[in-house]
Amino acid sequence: MPEFCFRSGRLTLTGHTVVMGILNVTPDSFSDGGRYFQPQQAADRARQMADEGAGMIDIGAQSTRPGHVPVSAGEEWRRLEPALRAVRAAVSLPLSVDTYYPEVARASMEIGADIINDVSGSEENDMAGVAAQTGAGLILMHAGGGADDDGRGENAAEAVRAYFLRAIKMAERAGLPLSRICLDPGIGFGKGRKGDLLLTARLPELLQGLPEVAVLFGASRKRVTAAFSTAEGGDPVPFDQRLGGTIAIHTAAQLGGAHILRVHDVAPAVQAARLIDALCKLKGEGV
């Protein structure tokens with residue numbers, strides 16, 4: 001039975017897909033930069049996501065959109081700390097911190113975060129060690145060549161599977177139990193749109209034979225949700241109009257073995273995920 005454990009508890013993932021709400025406390029995130037930058041705005045949005053059925057919230061204080069300019073660990077913490085404190089006071093949901101700085105991750109655990117969402121793809125930053133020492137859950141994401149790499153991606157599934165195998169061994173070496181890690185194929189990071197789509201289609205294949213661990217999938221509003229949604233030569237789909245594509249690819253991932261879906265639009269994502277959970281349950285019962 002897959003489960004994801006972290007500092008304050010655990011999520012049982014059998015038959016119940018968890019929706020993770022995205023909370024960007026940045027001025028420049030690709031689709032909602034600046035909307036929740038102030039602590040009160042962040043806390044209000046967290047309450048709304050909890051009311052809409054989110055099972056956890058992922059807070060990020062640095063954009064990783066294509067073309068982003070990285071900020072220092074100090075600047076990321078300056079943005080993150082007041083928002084994290086406000087959100088922790090506002091909701092009781094598990095809180096994940098989206099960062100690639102071990103020092104930010106460690107400080108976040110000290111003021112109420114539960115999970116580290118390591119978006120670096122690094123195998124050398126000792127984030128697994130930080131998680132082991134602090135009791136955090138750890139999300140390990142394949143980042144490939146970075147968010148700007150738009151290669152064709154035919155070998156995306158093979159690359160991600162190889163990373164997953166290395167990430168599991170890395171966690172074990174750090175003394176982090178498998179129940180405290182979650183694997184993320186990193187849609188949009190180091191893959192072209194075809195690679196993103198192939199990863200989704202081949203998710204069951206790349207997970208086959210791996211230890212039973214939590215799997216997160218996050219394609220919300222990303223370029224892949226628009227790339228195949230218009231007629232050839234049509235206008236690009238704006239960020240805030242990609243809900244249909246997001247639900248479609250997340251449904252495919254859910255059916256392919258993903259346990260956690262990382263989304264901007266919580267209410268419709270919860271509605272869709274619950275329906276797919278119910279359909280899978282009926283199928284399992286042979287109805």
Side-chain angles (χ1 to χ4, degrees), residues 4 6-9 11 18-65 67-120 125 127 130-131 134-139 141 147 182 184 189 216 218 220-222 239-240 260-267 269-270:
F4 185 35
F6 39 87
R7 199 176 59 86
S8 65
L11 293 170
V18 175
V19 170
M20 169 192 273
I22 298 170
L23 182 56
N24 290 316
V25 292
T26 63
D28 58 345
S29 290
F30 76 91
S31 68
D32 59 359
R35 292 185 64 185
Y36 311 115
F37 192 56
Q38 298 301 321
Q40 187 58 55
Q41 294 172 325
D44 290 344
R45 177 58 180 151
R47 290 190 193 95
Q48 181 183 15
M49 289 193 288
D51 290 343
E52 291 174 345
M56 56 200 305
I57 294 175
D58 187 48
I59 307 175
Q62 175 164 195
S63 174
T64 52
R65 62 179 172 78
H68 75 285
V69 177
V71 302
S72 67
E75 173 61 18
E76 184 177 79
W77 183 241
R78 185 189 68 79
R79 298 174 179 178
L80 178 62
E81 181 184 13
L84 178 56
R85 290 186 185 277
V87 171
R88 180 73 289 167
V91 299
S92 59
L93 292 177
L95 300 182
S96 166
V97 172
D98 181 326
T99 186
Y100 48 73
Y101 291 122
E103 57 267 47
V104 172
R106 188 182 295 277
S108 298
M109 295 306 113
E110 294 175 357
I111 64 169
D114 304 287
I115 298 160
I116 301 165
N117 185 7
D118 182 3
V119 296
S120 70
N125 63 2
M127 201 71 91
V130 174
T134 60
L138 177 62
I139 300 168
M141 188 188 81
C182 177
D184 176 356
F189 287 80
L216 181 148
S220 184
R221 300 184 185 175
K222 292 183 179 178
F239 294 125
D240 61 354
I260 302 169
L261 302 175
R262 184 178 180 272
V263 309
H264 295 86
D265 303 289
V266 170
V270 169

I116 and S96: CA distance, side-chain angles, deciding distance, side chain to side chain contact (heavy atoms under 4.5 Å, CB included) verdict:
CA-CA 6 Å; I116 301 165; S96 166; over 6 Å; no
Examine distances only and state if a side-chain atom of S220 and a backbone atom of H264 form a donor-acceptor pair shorter than 3.5 Å.
yes
Partner residues of R7 under the side-chain hydrogen bond (donor to acceptor under 3.5 Å, both in side chains) criterion, sequence neighbours left out:
none
In Å, rounded to the nearest 0.5 Å, how long is the span from CE of M109 to CZ of F6?
11.0 Å
Is there a side chain to side chain contact (heavy atoms under 4.5 Å, CB included) between M20 and I139 once you walk through the steps?
CA-CA 12 Å; M20 169 192 273; I139 300 168; 3.7 Å; yes
On a heavy-atom basis, the closest approach of L23 and A42 is CD2-O, 3.6 Å
Just jot down the salt bridge (charged side-chain N to carboxylate O under 4.0 Å, His left out) partners of D51, sequence neighbours excluded, or say none.
none
Q62 side chain to E76 backbone, donor-acceptor under 3.5 Å:
no
Got a sec, which residues hit side-chain hydrogen bond (donor to acceptor under 3.5 Å, both in side chains) with T134, two or more places apart in sequence or on another chain?
none
Is there a side-chain contact between V18 and L261 (heavy atoms, below 4.5 Å)?
no
Using salt bridge (charged side-chain N to carboxylate O under 4.0 Å, His left out), reason through D265 and R221 one step at a time and then give a plain yes or no.
CA-CA 9 Å; D265 303 289; R221 300 184 185 175; 3.0 Å; yes
Ignoring hydrogens and angles, tell me if any N or O in the side chain of E75 forms a donor-acceptor pair with the backbone of S72 under 3.5 Å.
no
Report the C-alpha distance between N117 and T99 in whole Å, list the side-chain angles of each, state the deciding distance to 0.1 Å, and finish with yes or no for side chain to side chain contact (heavy atoms under 4.5 Å, CB included).
CA-CA 6 Å; N117 185 7; T99 186; over 6 Å; no
Residues forming a salt bridge (charged side-chain N to carboxylate O under 4.0 Å, His left out) with R88, sequence neighbours excluded:
D114
What pair of heavy atoms forms the shortest contact from L84 to A113, and how long is it?
CD2-CB, 4.3 Å
Identify, with sequence neighbours excluded, every residue that meets salt bridge (charged side-chain N to carboxylate O under 4.0 Å, His left out) alongside E52.
R45
Check A54 against V270 and note the closest heavy-atom contact, atom names and distance.
N-CG2, 4.3 Å
Can you tell me how far CD1 of I115 sits from CG of L138, rounded to the nearest 0.5 angstrom?
10.0 Å
Where is the tightest heavy-atom contact between S120 and Y100, given as atom of each residue plus distance?
CB-CB, 3.3 Å
List the residues meeting salt bridge (charged side-chain N to carboxylate O under 4.0 Å, His left out) with R262, not counting sequence neighbours, and say none if there are none.
D58, D98
For Q40 and D44, run side chain to side chain donor-acceptor pair (under 3.5 Å): C-alpha distance rounded to whole Å, both residues' side-chain angles, the deciding distance at 0.1 Å, then the answer.
CA-CA 6 Å; Q40 187 58 55; D44 290 344; 2.9 Å; yes
Applying side chain to side chain contact (heavy atoms under 4.5 Å, CB included) to I111 and R85, what does each step give before you reach the verdict?
CA-CA 7 Å; I111 64 169; R85 290 186 185 277; 3.3 Å; yes
Heavy-atom closest pair (P102 atom, V130 atom, distance to 0.1 Å) is CB-CG2, 4.0 Å
In terms of side-chain heavy atoms, does N24 have a donor or acceptor partner in T26 at a distance below 3.5 Å?
no
Determine the minimum heavy-atom distance between L11 and G55, stating which atoms define it.
CD2-O, 4.5 Å
To the nearest 0.5 Å, tell me how far D184 CG sits from L216 CG.
4.5 Å
Spacing of K222 atom NZ and F189 atom CZ [to the nearest 0.5 Å]:
5.0 Å
Which distance, rounded to the nearest 0.5 Å, do you find between the CG of D118 and the OH of Y101?
12.0 Å
Flag the pair I260 / M56 as yes when at least one side-chain heavy-atom distance between them is below 4.5 Å, and no otherwise.
yes
